[in-house]
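Working notes for the structure below.
One-based numbering, in listed order, for ligands and for the atoms of each. Along the sequence shown, residues are numbered consecutively beginning with 1.
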Amino acid sequence: MRLSRAISVQRWVLARAQGICEGCGQPAPFLNEKNEPFFEIHHVKHLVDGGTDSTWNTVALCPNCHRRCHHSIDKHEFTQSL
Ligand SMILES: [Zn+2]
Ligand SMILES: [Zn+2]
């Protein structure tokens, strides 16, 4: 199922990140309600551009870095560096 697969990818990426943002290298800014480091999942290559929902295309980012990937002036350079 599409949804459960997405969740398992998310868990795998969060385990890989070990509580450290893969964008800036800083610890998660806060814990979620499950007492786990809070990260947002970002697709390096957007799904609409042919990216896949797999672990190599997915990074765990703090909210700051995630916004940067979508809205900053250097978003393309920043995304490339991930
Ligand atoms: Zn970050
Ligand atoms: Zn994103």
Show me, pair by pair, the donor-acceptor contacts under 3.5 angstrom made by side chains of residues 75-82, not counting sequence neighbours?
residue: Lys75; atom: NZ; partner: His70; partner atom: O; Å: 3.3
residue: Thr79; atom: OG1; partner: Lys75; partner atom: O; Å: 2.7
residue: Ser81; atom: OG; partner: Phe78; partner atom: O; Å: 2.6

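With the Zn ion (ligand 1) at the apex, Cys21 SG and Cys65 SG define an angle of roughly 110° (rounded to 10 degrees).
In the hydrophobic clustering (ILVMFWY side chains linked at under 4.5 Å, chained through shared members), Phe30 is joined by Phe38.
Here the side chains of Cys24 and Cys62 are in contact, with some heavy-atom distance below 4.5 Å. Within the 4.5 Å cutoff, the side chain of His42 has no heavy atoms near those of the Glu22 side chain.
Asn57 places no side-chain N or O within donor-acceptor distance of the main-chain N or O of His43, the cut-off being under 3.5 Å.
Legend: residues meeting side-chain contact (heavy atoms from CB on, under 4.5 Å) with Arg67, ordered by chain and number and at least two apart, are Glu40, His71.
Counting only protein N, O or S atoms, 3 lie closer than 2.8 Å to the Zn ion (ligand 2).
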